[in-house]
Protein chains: 2
Amino acid sequence: MLDTTDKKLINLLQNDCKQTTKQLSLQLNLSVTAVYERIKKLEKERIIKKYVALINKNKIEKSFLVFCHIKLIQHSKEFVTTFEREILKLEEVSECFHVSGDYDYILKIYVKDMDEYRDFMVTKLTAIKYIGSTHSTFAIEEVKNTSSIII
Amino acid sequence: MLDTTDKKLINLLQNDCKQTTKQLSLQLNLSVTAVYERIKKLEKERIIKKYVALINKNKIEKSFLVFCHIKLIQHSKEFVTTFEREILKLEEVSECFHVSGDYDYILKIYVKDMDEYRDFMVTKLTAIKYIGSTHSTFAIEEVKNTSSIII
DNA sequence: ATATAATTTAGATTTTTTTTCTAATTTTGA
DNA sequence: TCAAAATTAGAAAAAAAATCTAAATTATAT
């Protein structure tokens with residue numbers, strides 16, 4: 001199981017994974033090897049899934065964020081699997097969750113602007129079969145946006 | 001501006017930022033130094049924001065995901081800033097966006113289970129002043145969940 | 001079109017970091 | 001309490017990052 005040191009280490013790496021083991025060792029009051037072995041263990045156990053670069057979306061013209069709520073016309077196995085397979089192909093969709101409530105799916109979509117979103121809706125999203133209705137909610141401001149979970 | 005090589009490099013790093021410059025150089029048909037200099041430039045221009053470890057939420061007992069829609073009782077400057085300041089303090093909230101539509105905010109909240117969510121709602125979230133109403137939508141399945149934007 | 005400047009790239013070298021190894025220490029469980 | 005297992009530390013080796021110089025490419029102005 002994870003002890004306090006593991007949790008601290010995970011939190012440090014969720015915030016900056018390019019720190020050297022030396023830097024981490026100083027913050028954790030451990031030796032370089034101790035930190036190294038703990039990291040290897042976390043990677044092996046797949047608690048650490050991957051290491052990624054986070055991109056400033058403003059600088060690559062993908063700062064228009066839309067939450068798109070989608071309802072399918074029916075919930076048969078075929079409809080669900082077809083829809084989900086098609087969604088995976090759309091690179092504008094960064095997240096898609098099957099959810100409870102009025103709508104079946106919530107999608108997080110990054111595009112350049114409203115024009116590009118309209119284009120995405122018309123040519124890509126609504127081209128997917130079995131979509132009953134959609135409801136788009138536009139982000140006005142990013143209050144908090146972190147990839148990390150403090151543990 | 002970003003050329004095709006930069007874009008390829010960004011996409012590679014968004015997927016795995018721990019690759020050596022040697023590995024990247026082979027995929028991009030460039031020398032090690034060329035890749036190195038391009039990365040440094042992307043970091044300096046803040047196109048690459050940061051490097052982080054992504055954690056498997058199932059393994060740390062934070063696999064219960066809720067989208068919480070919140071409406072404030074009023075939209076005055078004071079209400080908005082107070083609410084946003086308090087939200088930033090809540091570690092269960094990984095994302096919070098001010099949005100258009102029926103609700104003012106969409107929050108993405110990771111907790112252990114429904115019990116922990118109820119506890120979070122009662123003791124933390126609704127303790128914040130100025131919240132008018134909330135509507136919780138629960139994730140049934142993660143179809144797609146990526147931190148990257150393909151460019 | 002051509003010379004000049006600026007940028008990008010390559011290869012070699014130095015510096016830093018990672019990884020491995022061995023031994024010591026601590027923790028766990030019978 | 002004692003033995004086994006796991007964790008840790010420090011040193012050494014291997015690998016990678018960072019730096020430097022020079023060459024090549026690209027862009028710019030004339």
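Just so it is clear: chains get the letters A, B, ... in the order the sequence lines come, proteins before strands, and each one is counted from 1. In what follows, every heavy atom counts, from backbone to side chain, and hydrogens, waters and symmetry copies are set aside.
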Check your understanding: Going by heavy atoms closer than 4.0 Å, what residues in residues 42-55 of chain A are next to DNA chain C?
Key ->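 Per residue number, the list is empty: none.
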Check your understanding: Centre of B/Tyr110's six-membered ring, under 6.0 Å away, within 45 degrees of the axis: is that where NZ or CZ of B/Lys62 sits?
Key ->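 That pair does not qualify as a cation-pi contact.
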Practice item. Can you pull out how bent the helix from C/dA1-D/dT30 to C/dA30-D/dT1 is, comparing the axes over its first five and last five pairs, to 10°? Key: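 Nearest ten degrees gives 50° for this helix.
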Under 3.5 Å, which donor-acceptor pairs link side chains of residues 6-14 of chain A to any protein atom two or more places apart or in another chain?
{"unit_1": "A/Asp6", "atom_1": "OD1", "unit_2": "A/Arg38", "atom_2": "NH1", "d": "3.0"}
{"unit_1": "A/Asp6", "atom_1": "OD2", "unit_2": "A/Asp3", "atom_2": "N", "d": "3.3"}
{"unit_1": "A/Asn11", "atom_1": "OD1", "unit_2": "A/Gln14", "atom_2": "NE2", "d": "3.4"}
{"unit_1": "A/Asn11", "atom_1": "OD1", "unit_2": "A/Ile151", "atom_2": "N", "d": "3.2"}
{"unit_1": "A/Asn11", "atom_1": "ND2", "unit_2": "A/Lys7", "atom_2": "O", "d": "3.4"}
{"unit_1": "A/Asn11", "atom_1": "ND2", "unit_2": "A/Ile151", "atom_2": "O", "d": "3.0"}
{"unit_1": "A/Gln14", "atom_1": "OE1", "unit_2": "A/Ile149", "atom_2": "N", "d": "3.0"}
{"unit_1": "A/Gln14", "atom_1": "NE2", "unit_2": "A/Ile149", "atom_2": "O", "d": "2.6"}

Residues that [X] engages under salt bridge (Lys or Arg N to Asp or Glu O under 4.0 Å), provided they are two or more places apart:
X: A/Glu37; result: none
X: B/Lys49; result: none
X: B/Lys89; result: B/Glu86
X: B/Lys40; result: B/Glu43

**Study point:** Distance in Å, B/Ile55 CD1 paired with A/Leu42 CG, rounded so as to fall on 0.5 Å steps
**Key:**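 So the CD1 of B/Ile55 and the CG of A/Leu42 are separated by 7.5 Å.
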Check your understanding: What residues join A/Leu54 in its hydrophobic cluster, counting side-chain heavy atom gaps under 4.5 Å, either direct or through other members?
Key ->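 Listed partners: A/Val52, B/Val52, B/Leu54.
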Review point. Does anyone know the first and last nucleotide of DNA chain D in reach of chain B, 5' to 3', at under 4.0 angstrom to a heavy atom?
Key: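 Boundary nucleotides touching chain B, in 5' to 3' order, are D/dA16 to D/dC20.
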Practice item. Tell me, please, which residues at least two apart from A/Thr137 pass side-chain contact (heavy atoms from CB on, under 4.5 Å). Key: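 Partners of A/Thr137 by the side-chain contact (heavy atoms from CB on, under 4.5 Å) criterion, ordered by chain and then number, come out as A/Phe67, A/His69, A/His135, B/Val99, B/Ser100, B/Ile106.
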Give the table of side-chain donor-acceptor pairs shorter than 3.5 Å for residues 122-133 of chain B, with sequence neighbours excluded, one pair per line with atom names and distance.
{"unit_1": "B/Thr123", "atom_1": "OG1", "unit_2": "B/Asp119", "atom_2": "O", "d": "2.8"}
{"unit_1": "B/Lys124", "atom_1": "NZ", "unit_2": "B/Glu92", "atom_2": "OE1", "d": "3.4"}
{"unit_1": "B/Lys124", "atom_1": "NZ", "unit_2": "B/Glu92", "atom_2": "OE2", "d": "2.7"}
{"unit_1": "B/Thr126", "atom_1": "OG1", "unit_2": "B/Met121", "atom_2": "O", "d": "2.7"}
{"unit_1": "B/Thr126", "atom_1": "OG1", "unit_2": "B/Val122", "atom_2": "O", "d": "3.2"}
{"unit_1": "B/Tyr130", "atom_1": "OH", "unit_2": "B/Glu78", "atom_2": "OE2", "d": "2.7"}

Check your understanding: Regarding B/His98 and B/Asp104, is there a side-chain donor-to-acceptor distance under 3.5 Å anywhere?
Key ->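 On atom types as modelled, these side chains do not qualify, holding no pair under 3.5 Å.
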Check your understanding: Would you say the side chains of A/Ser31 and A/Thr33 form a donor-acceptor pair under 3.5 Å?
Key ->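 The criterion, which ignores hydrogens and geometry beyond distance, is not satisfied for A/Thr33 and A/Ser31.
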Point to revise | Per-nucleotide protein contact string for nucleotides 12-30 of chain C, where B marks a base within reach and S marks sugar-phosphate only (heavy atoms under 4.0 Å, - for neither) | key: -----SSSBB---------
